[in-house]
2 protein chains.
Amino acid sequence: MTSPTEAAEDVAWLSDAQLVEWKSLMALLMTLPPAIDAQLKRESGLNTFEYHVLVALSESPERWLPMSDLAVVAQGSLSRLSHAVGRLEQAGWVTRRACPGAGRRVKAHLTEAGMAKLEDAAPGHVREVQRLVVGRLTPEQLAALGEAARVIVDATEPRCTEHL
Amino acid sequence: MTSPTEAAEDVAWLSDAQLVEWKSLMALLMTLPPAIDAQLKRESGLNTFEYHVLVALSESPERWLPMSDLAVVAQGSLSRLSHAVGRLEQAGWVTRRACPGAGRRVKAHLTEAGMAKLEDAAPGHVREVQRLVVGRLTPEQLAALGEAARVIVDATEPRCTEHL
DNA sequence: CAGGTCGAGTTGAATGTTCAAGTCGCCCGG
DNA sequence: CCGGGCGACTTGAACATTCAACTCGACCTG
């Protein structure tokens, strides 16, 4: 990768400065998600995606969403969501019901137990977010990080940008 | 999560501004890695972690590293590395050899074929990094992103900060 | 030098994610 | 009203990662 004898001549390589920043970002992508995940799993038995599904449902007006919409908001494939909701349903935190008269649509509901679970899990999660991210950066740094993240997400998965 | 009737009173909640930035970062963590991974897998059949293992080996002076050191540089657990190197060895891109006279240490070598594979995979990967990240941000934005990433990584996994 | 223990690495089972079908309602053209 | 196609979801198999043993060599310590 840093080899001077690079095979493909027509590729715009990264400058040294760009390379450093990219490697820093890569390190962030490799280390932060596992750390967040570990805390949630340890203290609540939820993984990050399941947690976000519960959050998404809790934030919607009537505490339910069609699976397709939920997949977009929670930022995962429909398949991943289906498996995850299966687990959450097993645990009694979510229920599924067909939307009557609307094709094959299914809505996922957050149950009372699910809401309780979320309220139980949230404080520890927020504490960890504070400890690892929000509390480490100045407001300006955090704002710059968020702005850059939005730009990249918009390039990568425009559909997600709407829900920010 | 946004519920005003929050159960744990002693947790410092996030401000609205902090929440927006955190959600943007979260969206980045959920969307960018799959995008990077998809490109690598499509065009080279490697996943991100395997690619990083090859890069780490290619950047070390003699193109080999002990497994433990490799795990730190490539930023994964030893177990994950062992499985990954198993796959890379199957493909003929890496070989393993015991370090003689040094405990139970094992060094992983990058083969010629492995080097060729990496040189084949790198251009497409770099193009994608340009397309989704480096090319979207101003130099200042990129620098700010990198700096914030380093701060967070340092809080999360200090051992990784050395190799940036 | 016997026994303990620690660091390095491997292994296999359990879990989660992805990928490629497959199912099932609805709608639309004939 | 029938048949094909489409959108929404589910399912199961393949694959990767994690987690908890387990192996093995080196180094103490008595």
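Throughout, protein chains are lettered first and strands after them, A, B, ... in sequence-line order, and every chain is numbered starting at 1. Everything quoted here is computed from the prediction, not taken from an experiment.
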Q. If each of B:Val106 and A:Gly45 is mapped to the nucleotide of DNA chain C with the nearest heavy atom, which maps nearer the 5' terminus, i.e. the 5' end?
A. B:Val106

Q. Between B:Asp37 (side chain) and B:Asn47 (backbone), is there a donor-acceptor pair under 3.5 Å?
A. no

(Q) Pick the closest DNA chain D nucleotide for A:Lys107 and for A:Pro34 by heavy atoms, then say which residue is nearer the 5' end. (A) A:Lys107

Q.
Can you measure B:Arg80 atom CZ to C:dG12 atom C1' for me and round it to whole angstrom units?
A. 18 Å

**Q.** Value in whole Å for how far the C1' atom of C:dT15 lies from NZ of A:Lys41
**A.** 7 Å

(Q) Hydrophobic clusters here meaning ILVMFWY residues chained together by side-chain heavy-atom distances under 4.5 Å, can you tell me if B:Trp64 and B:Met115 are in one? (A) no

(Q) Tell me whether the side-chain N or O atoms of A:His83 pair up with the base of C:dT18 as donor and acceptor below 3.5 Å, since no angle test is needed here. (A) yes

(Q) With clusters defined by side-chain heavy atoms of hydrophobic residues (ILVMFWY) lying less than 4.5 Å apart, directly or transitively, does B:Leu142 cluster with A:Leu14? (A) yes

Q. Can you check the A:Arg97 CZ to D:dT10 C1' distance for me, whole Å?
A. 19 Å

Q: Could you tell me the separation between the CD atom of B:Glu89 and the C1' atom of C:dT10, rounded to a whole number of Å?
A: 12 Å

Q.
Rounded to whole Å, how long is the line connecting atom CZ of A:Arg96 with atom P of D:dA8?
A. 17 Å

Check residues 75-85 of chain A and write down every donor-acceptor pair under 3.5 Å in which the side-chain atom is one partner and the other belongs to a residue at least two apart or another chain.
residue, atom, partner, partner atom, Å
A:Ser77, OG, A:Arg80, N, 3.0

**Q.** From C:dT10, D:dC24, D:dT11, nucleotide with atom closest to A:Ser82 side chain
**A.** D:dT11

**Q.** Rounded distance in Å - CG (A:Asn47) to P (D:dT18)
**A.** 12 Å

(Q) Would you say A:Arg105 places a side-chain N or O within less than 4.0 Å of OP1 or OP2 belonging to D:dA8? (A) yes

Q. So, B:Glu112 and B:Arg63, do they make that salt bridge, N to O below 4.0 Å?
A. yes

Q. In whole Å, what is the span from the CE atom of A:Met67 to the P atom of C:dG25?
A. 17 Å

Q) Using a cut-off of less than 4.0 Å, is there contact between a side-chain N or O of B:Arg87 and OP1 or OP2 of D:dT17? A) yes

(Q) What is the separation between atom CD on A:Gln90 and atom P on C:dG16, rounded to the nearest whole Å? (A) 12 Å

Q) Which residue lies toward the 5' end of DNA chain D, A:Leu78 or B:Ser79, if each is placed at its nearest nucleotide? A) A:Leu78

